[in-house]
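Following: one structure in structure tokens, then a few remarks.
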Amino acid sequence: MTRRDHTPDITEQDLLNYADGRLEPGSARYIAVETYLATRPAEHERITDYARQNRALHAAYADVFADSLPERLSPARIRADVRARRRRHLATGAAACAVLALGVALTQAIHRAAPLDRFAERAATELAASDRQDASGSPAATAATAPATVRWPNLRNLGFQRVTSARVRASERPMYRAVYSDPQGRRVRLFVSPETRDRRPELHRIERNGRKLVYWKQGGHMYALAGELSERKLESVVAATMNTGDSPMVVAGEPDGPAPPGPAGELSGDRGVDSLPMPRTDYLERSKLNGERPRGREAVSERLDSPLMLPASDEAG
Amino acid sequence: MVGRDREEFDSLVTEEIPHLRRYATALVGDRVHADDLVQDCLERALRKWRLWGTHGRLRGWLFRMLYRTYLNQRRRRLPSQGRSLEDNEAEMTAAAGQHTQAEARETIAALERLPEGQRSAILLLALEDISYEEAAWVLDVPVGTLRSRVSRGRETLRQYTNAPEAAKASLRSVK
């Protein structure tokens, strides 16, 4: 402790405590300090000045101390505000999560759309190859495997008859092509490929090498269609193709793997390519004869026999 | 049980709020910012109320929290947003007598000239019923350092307030 003179009993801290009013008046220490200061006018003046400083500071902030408390400083109000703010933060967090989830969903949707776009690009490539082959008169290069179980849509109401159908040489997933022609010699080419995930039909368009291609997903398949037609007529053909039902392009009895390499001639449409597997048909026939209502897959198969779907013998030219 | 403890804590805190407001006003210079500071301090205190039991007297615990909040805010505050002598003078009580008011203004003006460490120590010890040991803990300095700061600060204040009027005026204009 600092000592300001030779008095052994009184310390600087005693003097400061006296100035701050921390000594009990009448106590032994209080009296000792007063006695000490009585004989030392300079020290007395110094300590008196300190005490005056304290009084001045108390006076300066007296009304702040005496003021009534504002509502916002009440503990109950502060707790309520904190709770409300926490709720707002939670709501903001939830909204942020929702936005994030939406972003993820959109990204996934875009990612899922990619196979369809790739399919359309492949179809456009095949279309360009077909155009070149048509121009040169050389035979088409297709896979050896016959699309024996593909059911093609019936476009006869629009004046088109299927003239050829074939499996296109493919490296990723199988793709099939049918060529339709009308009495004026105009051609429509339809490409189809199985797609495992069902999607709502959404039409997309691309243009490659001056040829327009409309493509979409529907009923577990991907479609691409091109024709030497007016826009309106092409739309009619697209609509007719889409209206063939949920899954007109059933591919059964054929593996989904890539087609064997090597060219092959296109198959004629009059070779029974539209037939469904026989056991199911048998069951349907039997059910109809017995008056039973078909169930499950059989019910779907029955729907495929819509007027838009012609048997192979009717369809083939 | 917890609810009752919390209610009791809230009640004890409420008793301390006038002290907190007074010290905060002296530190920051105006009441609005002082109330903001006290509110921030109380939010922290109410959030951490369970920790108080291990820290002795509630007043010291709250003042330490207030002072830390003040230091954090002061670091973030731009120089132009700092407190001014006019702020503090404006906050001085209008109810005080003319003589006391002049003396208070003079003391506040002198206080503004002190380094932050001396000013906060003198204000804490002069305004609040708090021991040197507790004040040292609130300000997070050793007791010896606190005593030294208070002694030097009080002496500077004294010299200023006892200086002739002309010298005070020149100091004021420098300020």
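Each chain gets a letter, A, B and so on, in the order the sequences are listed, and its residues count up from 1. Since the structure is predicted, the reported quantities are computational estimates derived from the model, not experimental observations.
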Close side-chain approach of B:R21 and A:F65, heavy atoms under 4.5 Å: no
Let me know if A:N17 has heavy atoms under 4.5 Å from chain B in its side chain, its backbone, both or neither. side chain
With a 4.5 Å cut-off on heavy-atom pairs, point out which of B:V150, B:I122, B:I130 contacts chain A the most. B:I130
Does the distance from a Lys or Arg side-chain N to an Asp or Glu carboxylate O, for A:D63 and B:R31, drop under 4.0 Å? yes
At a 4.5 Å cut-off on heavy atoms, which part of B:L111 comes close to chain A: side chain, backbone, both, or neither? side chain
dist B:R158:CZ -> A:R46:CZ (nearest 0.5 Å) comes out at 7.0 Å
All side chain to side chain donor-acceptor pair (under 3.5 Å) counterparts of B:E133, not counting sequence neighbours: none
Among A:D81, A:D49, A:V82, A:L16, residue most engaged with chain B (heavy-atom pairs, under 4.5 Å): A:D49
Can you tell which part of B:Q159 gets under 4.5 Å to a heavy atom of chain A, answering side chain, backbone, both or neither? neither
Measure distances from B:S151 to the heavy atoms of chain A and classify the residue's part below 4.5 Å as side chain, backbone, both or neither. both
Main-chain N/O of B:A126 paired to A:H58 side chain as donor or acceptor, under 3.5 Å: yes
With a 4.5 angstrom heavy-atom cut-off, could you sort out which part of B:D40 is near chain A: side chain, backbone, both or neither? neither
Determine whether B:L123 and A:L57 satisfy the following criterion, side-chain contact (heavy atoms from CB on, under 4.5 Å), listing intermediate values before the conclusion. CA-CA 8 Å; B:L123 284 170; A:L57 290 174; 4.1 Å; yes
Please identify each residue that fulfils salt bridge (charged side-chain N to carboxylate O under 4.0 Å, His left out) with A:D20, with sequence neighbours left out. A:R22, B:R154
Validation row: B:I108, A:Y61 side chains within 4.5 angstrom (heavy atoms): yes
What is the minimum heavy-atom distance between B:A104 and A:A60, and which atoms define it? CB-CB, 3.9 Å
For residues 68-80 of chain A against chain B, heavy atoms under 4.5 Å, the residues are A:S68, A:L69, A:P70, A:R72, A:L73, A:P75, A:I78, A:R79
By ring pair (Phe, Tyr, Trp, His ring centres under 6.0 Å) - contacts of A:F119 (at least two apart): none
Between B:E106 and A:R52, is the closest basic N to carboxylate O distance under 4.0 Å? no
Comparing B:L127, B:T107, B:D129 against chain A, the one with the most heavy-atom pairs below 4.5 Å turns out to be B:L127
Out of curiosity, B:R147 CZ to A:E12 CD, how far, rounded to the nearest 0.5 Å? 10.0 Å
